[in-house]
Undergrad: 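Sharing a structure below in structure tokens format, with a few things to ask.
None of the values given here were measured: they were computed from a predicted structure. Every number for a ligand or one of its atoms is a count from 1 in the order of the listing.
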Amino acid sequence: MSASDKKQIKVGILGATGTVGQRFIQLLSNHPYFVIHALGASERSAGQQYGKVTKWKLNTPIPENIKTKIVQDCKPDAEGFKDCGVVFSGLDQSVAGEIEEAFRKAELIIYSNAKNYRRDPLCPLIVPLVNPSHLSIIPHQKKTLGLEKGYIVTNANCSTTGLVVPLHALEKAFGPLETVMVTTLQAISGSGYPGVSSLDILDNVVPYIGGEEEKIEWETNKILGGFKDESSPTDFDLHINEDKKLKAINVSATTTRVPVIDGHTGIVSVKFSTSTSPSIEEIEKAFRDFKCEAQELNVPSAPPQAIVLHEAQDRPQPRLDRDLHNGACVSVGRVRKCNVLDVKFVCLIDNVRLGAATSSIMNAEIAVEKGLIV
Ligand SMILES: NC(=O)C1=CN([C@@H]2O[C@H](COP(=O)(O)OP(=O)(O)OC[C@H]3O[C@@H](n4cnc5c(N)ncnc54)[C@H](OP(=O)(O)O)[C@@H]3O)[C@@H](O)[C@H]2O)C=CC1
Ligand SMILES: N[C@@H](CC(=O)OP(=O)(O)O)C(=O)O
């Protein structure tokens with residue numbers, strides 16, 4: 001969007017009262033491209049003022065113009081949604097599938113955090129610091145479904161997002177990866193509000209998050225993969241491309257819940273496909289020098305550094321590092337040789353910002369720049 005083009009695009013937020021929805025509101029309340037126009041939530045909240053029904057958990061106040069806005073039902077014909085150039089979804093997965101489909105059918109454009117369409121071969125699964133090129137499947141999605149304008153774009157699981165940014169930097173610098181092992185330490189905000197009870201999480205670590213390991217193992221390959229035919233995007237090949245001699249990365253994940261409010265940590269070990277692995281200095285340089293399309297396009301939410309490489313041996317830490325670049329980057333540290341695979345490191349992501357709302361917004365900003373949202 002050129003600096004002279006001041007017309008803002010009206011946006012809707014589904015699941016506006018939830019953990020991700022509140023971040024959407026905070027991040028969009030003073031946005032150069034977008035202006036909040038419609039809010040949707042469950043029938044528990046619909047018909048009431050946003051400020052009255054929302055258990056606001058952020059440390060900035062609810063924007064004044066949002067407080068008195070009436071929450072709508074999540075229906076495409078509810079007031080306001082039809083005028084929106086894009087609708088962001090922070091809906092609970094139990095309802096996101098049907099509601100997002102109804103909005104798409106009504107020719108609305110959805111940028112979703114929910115898991116429901118991530119595996120759909122027609123829907124791109126986009127981490128904005130990694131694979132915005134996958135937006136090129138959108139014309140195929142619309143054509144296949146007989147739609148003129150409506151489409152769905154998804155962003156990834158929060159832990160997956162924090163993992164694939166450093167993995168992409170490694171692939172860009174050194175070629176394909178063979179194996180990735182990751183153990184996560186995930187914040188309680190990842191399970192929404194009210195989430196895990198205090199009696200379960202205080203003084204404790206819970207070594208199970210339902211469905212999370214499968215998501216990390218599967219989504220990583222769609223995000224780092226490509227189209228079967230790059231010249232005519234029709235289907236994702238999940239990192240398997242005979243011509244490029246790429247094959248799926250073996251990913252093994254263990255996920256745990258820890259008593260941290262925001263910020264998912266990943267303990268990662270990687271093996272490269274090549275027989276000789278790069279040195280630790282070369283790997284650190286690849287992280288430090290990593291640049292991505294969102295930065296080249298200079299979209300408003302792009303962080304100045306997509307990866308912040310920490311020198312101190314005891315970083316990254318969620319409490320100290322999750323706010324870097326407004327929660328839009330991935331922190332990496334403790335890069336060192338792995339005696340079993342090739343290299344190991346620690347990564348950290350703000351799960352509700354880059355892990356959710358910031359990614360959706362940055363994906364939409366990139367889509368504006370590519371003419372996919374007007
Ligand atoms: N939290 C995180 O770190 C991340 C979350 N996600 C995904 O984002 C989505 C939202 O998560 P989160 O914000 O944590 O969840 P919350 O439980 O905090 O919020 C859920 C939202 O969905 C709405 N909702 C629930 N049931 C219905 C219904 N029947 N009809 C319409 N709206 C409904 C709620 O409205 P009401 O208040 O009226 O009940 C609320 O606005 C989920 O799909 C989640 O998996 C993705 C990445 C990270
Ligand atoms: N499951 C993640 C958050 C989440 O909602 O993930 P997903 O969007 O993949 O369902 C967590 O508990 O931290």
Side-chain angles (χ1 to χ4, degrees), residues 12-26 39-58 70-76 78 81 87-100 102-103 110-119 125 127 154-164 184-196 201 206 208-220 222-223 253 255-258 260-266 318 322 327 349-360:
I13 303 169
L14 301 174
T17 51
T19 307
V20 174
Q22 292 179 28
R23 275 290 179 191
F24 271 129
I25 286 178
Q26 186 192 51
L39 303 175
S42 78
E43 59 186 19
R44 289 181 289 278
S45 312
Q48 302 181 68
Q49 290 188 356
Y50 183 81
K52 295 222 165 105
V53 291
T54 304
K55 292 198 171 80
W56 186 259
K57 295 291 167 197
L58 298 178
I70 301 297
V71 177
Q72 305 295 324
D73 281 318
C74 291
K75 294 187 177 144
F81 288 118
V87 176
F88 294 104
S89 169
L91 281 171
D92 192 85
Q93 50 156 52
S94 60
V95 292
E98 268 185 39
I99 294 174
E100 292 174 5
F103 274 66
I110 300 282
Y111 278 65
S112 175
N113 279 281
K115 70 169 194 179
N116 307 60
Y117 291 96
R118 289 184 191 149
R119 296 188 186 214
L125 172 56
V127 173
T154 61
N155 49 267
N157 165 269
C158 35
S159 294
T160 310
T161 302
L163 174 68
V164 294
T184 65
L185 293 80
Q186 300 190 201
I188 51 176
S189 59
S191 58
Y193 186 81
V196 196
I201 198 65
V206 180
Y208 174 71
I209 303 174
E212 194 78 355
E213 293 166 355
E214 295 78 0
K215 283 187 238 175
I216 296 172
E217 291 169 0
W218 194 90
E219 291 178 20
T220 296
K222 179 166 177 175
I223 296 159
T255 57
T256 73
R257 186 78 68 199
V258 298
V260 162
I261 292 180
D262 285 320
H264 288 359
T265 300
R322 63 191 167 206
I349 183 171
D350 183 303
N351 52 299
V352 192
R353 283 183 280 183
L354 188 63
T358 301
S359 274
S360 263

Undergrad: Tell me the residues surrounding ligand 1, counting only those with a heavy atom closer than 4.0 angstrom, sorted by chain and number.
TA: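 If the criterion is a heavy atom under 4.0 Å, then ligand 1 touches G15, A16, T17, G18, T19, V20, A41, S42, R44, S45, C74, G90, L91, D92, Q93, V95, I99, N113, A114, C158, S189, G190, G192, Y193, N351, V352, G355, A356.
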Undergrad: Of all heavy-atom pairs between S159 and E212, which one has the smallest distance, and what is that distance?
TA: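 Shortest heavy-atom separation between S159 and E212 comes out as OG-OE2, 3.7 Å.
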Undergrad: Within the distance-only criterion (no hydrogens, no angle test), does the side chain of S359 pair as donor or acceptor with the backbone N or O of L354 below 3.5 angstrom?
TA: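 Such a contact is found between S359 side chain and L354 backbone.
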Undergrad: What part of A156, side chain from CB on, backbone N/CA/C/O, both or neither, has a heavy atom under 4.0 Å from ligand 2?
TA: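 Answer for A156: neither.
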Undergrad: If you take all heavy atoms of Q22 and Y50, which pair is closest and at what distance?
TA: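 Result for this residue pair: CG-OH, 3.6 Å.
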Undergrad: For residues I70 and Q49, report the shortest heavy-atom separation together with the two atoms involved.
TA: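 Shortest heavy-atom contact: CD1-CG, 3.9 Å.
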Undergrad: Which option, R257, Q93, H264, R118, owns the non-hydrogen atom nearest atom 8 (O) of ligand 2?
TA: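 Going through R257, Q93, H264, R118 one by one, R118 has the nearest heavy atom to atom 8 (O) of ligand 2.
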Undergrad: Counting N and O atoms only, with roles assigned by atom type, does the side chain of S112 sit under 3.5 Å from a partner on the main chain of T154, one being a donor and the other an acceptor?
TA: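 No, S112 side chain to T154 backbone: no donor-acceptor pair under 3.5 Å.
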Undergrad: For G190 and ligand 2, does the shortest N/O to N/O distance drop below 3.5 Å?
TA: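 There is such a contact, yes.
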Undergrad: Restricting to non-hydrogen atoms, name the atom on K55 and the atom on Y193 that form the minimum distance, rounded to 0.1 Å.
TA: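 Heavy-atom minimum between the residues: CD-CE2, 3.4 Å.
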Undergrad: Looking only at heavy atoms of N351, does any of them come nearer than 4.0 Å to an atom of ligand 2?
TA: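 N351: no contact with ligand 2 (<4.0 Å).
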Undergrad: Mark up the atoms of ligand 2 that fall under 4.0 Å of a heavy atom belonging to Q186, in ascending order.
TA: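 Listed by number with element, the hits are 11 (C), 12 (O), 13 (O).
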Undergrad: Side chain of R118, backbone of N155: donor and acceptor closer than 3.5 Å?
TA: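 Looks like yes, one N/O pair under 3.5 Å.
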Undergrad: Distance under 4.0 Å to a non-hydrogen atom of C158: what atoms of ligand 2 satisfy this?
TA: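 Those of ligand 2 that fall under 4.0 Å from C158 are 2 (C), 3 (C), 13 (O).
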Undergrad: Where do F103 and L14 come nearest, in terms of heavy atoms and distance?
TA: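 So the minimum-distance heavy-atom pair works out to CZ-CD2, 3.7 Å.
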Undergrad: Is there a donor-acceptor contact under 3.5 Å linking the side chains of N351 and Q186?
TA: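 No, because no side-chain N or O of N351 sits under 3.5 Å from a partner of the opposite role on Q186.
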Undergrad: Does ligand 2 have an atom under 4.0 Å from some heavy atom of E219?
TA: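 Under 4.0 Å: no for E219.
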Undergrad: Of all the non-hydrogen atoms in the protein, which one sits nearest to atom 6 (O) of ligand 2, and at what distance?
TA: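 Minimum-distance protein heavy atom for atom 6 (O) of ligand 2 reads N157 ND2, 3.5 Å.
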Undergrad: Output all residues satisfying ring-ring contact (aromatic ring centres under 6.0 Å, His included) with F24, sequence neighbours left out; order by chain, then residue number.
TA: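 Applying ring-ring contact (aromatic ring centres under 6.0 Å, His included) to F24 gives F88.
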Undergrad: Heavy-atom distances under 4.0 Å are what count here, so tell me which part of N113 touches ligand 2: side chain, backbone, both or neither.
TA: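 The answer is the backbone of N113.
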Undergrad: Looking only at heavy atoms, which two atoms of N116 and Q93 are closest? And how far apart?
TA: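 Where N116 meets Q93 most closely, the heavy atoms are ND2-O, 2.9 Å.
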Undergrad: Given E212, K115, K215, which has its nearest heavy atom closest to atom 2 (C) of ligand 2?
TA: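 Residue with the shortest heavy-atom distance to the ligand atom: E212.
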